[in-house]
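All remarks here apply to the structure that follows.
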Amino acid sequence: MSRPLPVALAQAPPRPAEAPVSDFADDVQALLAKFPRTRLVAHPELHLCGVTSSGAESEARLQDAAEPLDGPRTKALAELAGDLGVWLLPGTVCERGPDGELFNTALAFSPEGRLAASYRKVFPWRPYEPYASGDRFVVADLGDAGRVGFSICYDAWFPEVARQLAWLGAEVIVNPVMTTTADRAQELVLARANAIVNQVYVLSVNTAGPEGTGRSLIVDPEGRVRTEAVDSAATVLTDVLDLDDVERVRTYGTAGLSRMWEQFDERDAAVELPLYDGRIDPRTWRPGPHRARP
């Protein structure tokens, strides 16, 4: 059996926050004309809200770019996804919350033209980012395209994020990034590590130069790099993921050996996690729909 998911990651420079969504639509249409079998298109963090200034000026421009989730930008993106018939992940946007907060929010739109999921970045990069923190982790069922979890840039540095997404049943974690600093090399290690320890695909799509450092990549559930951008130049990474590989790796083990999601059985004692005021309970140590109930 096979569940193919053709994907395209657009490593591109950010679009100006003032630019109309129609300009972005032209970019997506051009990508799909070149790669017509694509079913999921993903872009970098803040791709539609590019702000290159810093400090108070930057925050003011982000405030100007912010819209609520029911605003005109979301409606235009939903219409674009519906017109093109693809799963559209346009990176993240500046979302204005109900109390005026500013969130860094990843969006996913369905081929039917609806907003299928939104995720607010839980770990903004302090002290440099002005965003409020999200309060939940998000996975989305993309029909026969599988179950996708969302993390945003610095989220990848916190292993709790990928672990929770995998536990919620994510088969793919999409990680839009706007890394402009020297630590992209470490992020590449983290992308592989998060894939290995959770046995999921990881898609990390970074901003292109001159603002970003690029080096986007796709990692499989055993931590192998399937394809990657070698530098910061604008490019598109394409691949066909077989989501049945997630089940295969979890069933037979990474390299035919390690089956972390089968580590416990119901005879084992619970492990206290004082850091989280919680615990690992062997009765619930299963990902997604296969989780045992207490």
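Atom-to-atom distance recorded for Leu9:CG and His43:NE2 is 9.5 Å, nearest 0.5 angstrom. The CG atom of Leu5 lies 7.5 Å from the CG atom of Leu142; values are rounded to the nearest 0.5 Å. One distance of note links CD of Glu222 with CG of Leu257; it measures 9.5 Å at 0.5 Å rounding. A distance of 5.0 Å separates CZ of Phe109 from CG of Leu115, quoted to the nearest 0.5 Å. Going from atom OG1 of Thr38 over to atom CG of Leu88 covers 12.0 Å, rounded to the nearest 0.5 Å. Atom OH of Tyr252 is separated from atom CZ of Arg259 by 10.0 Å, given to the nearest 0.5 angstrom.
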Test side chain to side chain donor-acceptor pair (under 3.5 Å) on Tyr154 and Glu129 and set out the steps. CA-CA 11 Å; Tyr154 197 48; Glu129 295 182 353; over 6 Å; no
- Task: Begin with the C-alpha distance, continue with both residues' side-chain angles, and end with the deciding distance and a verdict on side chain to side chain contact (heavy atoms under 4.5 Å, CB included) for Asn175 and Leu203.
- Result: CA-CA 6 Å; Asn175 179 229; Leu203 281 54; over 6 Å; no
(message) Please evaluate residues Trp157 and Asp183 with respect to the criterion side chain to side chain contact (heavy atoms under 4.5 Å, CB included), reporting the C-alpha separation (whole Å), side-chain torsions for both, the decisive distance (0.1 Å), and the verdict.
(response) CA-CA 11 Å; Trp157 290 73; Asp183 54 354; 3.8 Å; yes
- Query: What do the steps show when you test Tyr131 against Leu62 for side chain to side chain contact (heavy atoms under 4.5 Å, CB included), and what is the final call?
  - Reply: CA-CA 10 Å; Tyr131 308 105; Leu62 289 172; 3.5 Å; yes
Discussion item. Test side chain to side chain donor-acceptor pair (under 3.5 Å) on Ser204 and Arg184; report intermediate values, then the result.
Written reply: CA-CA 11 Å; Ser204 180; Arg184 183 59 180 164; 3.1 Å; yes
Q: Begin from the C-alpha positions of Glu187 and Cys153 and carry the test side chain to side chain contact (heavy atoms under 4.5 Å, CB included) through to its verdict.
A: CA-CA 9 Å; Glu187 291 179 343; Cys153 202; 4.3 Å; yes
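In terms of hydrophobic clustering, with Ile, Leu, Val, Met, Phe, Trp and Tyr side chains grouped at heavy-atom distances under 4.5 Å, Leu168 and Tyr276 are assigned to a common cluster. Val230 and Val189 sit in two unconnected hydrophobic clusters of ILVMFWY residues. Membership requires side-chain heavy atoms under 4.5 Å apart, directly or through other members. Under a hydrophobic-cluster definition in which Ile, Leu, Val, Met, Phe, Trp and Tyr are linked whenever side-chain heavy atoms come within less than 4.5 Å, directly or via other members, Phe158 and Val200 are assigned to the same cluster.
Nearest heavy-atom pair across Ala42 and Val205 is O-CG2, 4.2 Å. The two residues Asp220 and Ala195 have their closest heavy-atom pair at O-CB, 3.5 Å. Considering all non-hydrogen atoms of both residues, Gly223 and Ile196 come closest at CA-CG1, 3.4 Å. For the residue pair Pro44 and Ala10, the shortest heavy atom distance occurs at CD-O, 3.2 Å. Counting all heavy atoms, side chain and backbone alike, Leu243 lies closest to Gly146 at CD1-CA, 3.5 Å. Across all their heavy atoms, Pro13 and Thr207 have their closest contact at CA-CG2, 4.1 Å.
At a cut-off of 3.5 Å, with distance as the only test, no side-chain donor of Asp244 or Ser2 sits close to an acceptor on the other residue. Side-chain contact annotation: Arg163 with Asn198, donor-acceptor N/O pair under 3.5 Å present. Donor-acceptor pairing under 3.5 Å is recorded for the side chains of Gln199 and Thr254. Looking only at atom types and distance, the side chain of Ser133 has a donor-acceptor partner in the side chain of Arg126 under 3.5 Å away. A donor-acceptor pair shorter than 3.5 Å can be found between the side chains of Asn104 and Glu45.
None of Ile152, Leu107, Val177 except one satisfies the side-chain contact (heavy atoms from CB on, under 4.5 Å) rule with Thr92; the exception is Ile152.
Taking 4.0 Å as the cut-off between side-chain N and carboxylate O, Arg226 and Asp239 count as a salt-bridged pair. Comment: Glu262 does not engage Arg250 in a salt bridge, judged by the lack of any side-chain N to carboxylate O separation of less than 4.0 angstrom. Remark: Arg248 does not engage Asp242 in a salt bridge, criterion side-chain N to carboxylate O under 4.0 Å. Classification of Arg96 and Glu67 as a salt-bridged pair fails, no side-chain N sitting under 4.0 Å from a carboxylate O. Contact check on Arg15 versus Asp23 returns a salt bridge, with a Lys/Arg side-chain nitrogen under 4.0 Å from an Asp/Glu carboxylate oxygen.
Between Pro287 and Trp167, every side-chain heavy-atom pair lies at or beyond the 4.5 Å cut-off. Side chains of Leu32 and Val86 form a contact here, defined as non-hydrogen atoms less than 4.5 Å apart. Annotation: side chain of Val93 is not in contact with side chain of Thr74 (no heavy-atom distance under 4.5 Å). With contacts defined as side-chain heavy-atom distances shorter than 4.5 Å, the pair Arg279/Val271 does not qualify. Looking only at side-chain heavy atoms (C-beta outward), Val148 and Val172 come within less than 4.5 Å of each other. Leu89 is not listed as a side-chain neighbour of Val41, based on a closest heavy-atom distance of 4.5 Å or more. Contact annotation: the side chain of Arg3 approaches that of Glu171 to within less than 4.5 Å [non-hydrogen atoms, C-beta and beyond]. At a threshold of 4.5 Å between non-hydrogen side-chain atoms, the residues Gln11 and Leu237 do not count as touching.
A distance-only check finds a donor-acceptor pair linking the side chain of Ser110 to the backbone of Glu112 [under 3.5 Å]. Asp281 contributes a side-chain N or O that, together with a main-chain N or O of Arg283, makes up a donor-acceptor pair within less than 3.5 Å. Judged by distance alone, with hydrogens and angles left aside, the side-chain atoms of Asn194 form a donor-acceptor pair with the main-chain N or O of Leu190 at under 3.5 Å. Proximity of a side-chain donor or acceptor of Asp155 to a complementary backbone N or O of Phe123 within less than 3.5 Å is detected.
In this structure, Arg114 forms no cation-pi arrangement with Trp87, as its terminal cationic atom is not both closer than 6.0 Å to the ring centre and no more than 45° off the ring axis. A cation-pi contact links Arg120 to Phe103, judged by a cut-off of 6.0 Å to the six-membered ring centre and 45° from its axis.
By the 30° and 60° cut-offs, the orientation of the rings of Tyr119 relative to Phe137 is parallel.
More than 12 heavy-atom neighbours from other residues, nucleotides or ligands sit within 6.0 angstrom of CG on Asp265. The number of heavy atoms from other shown groups lying within 6.0 Å of CD (Glu79) does not exceed 12.
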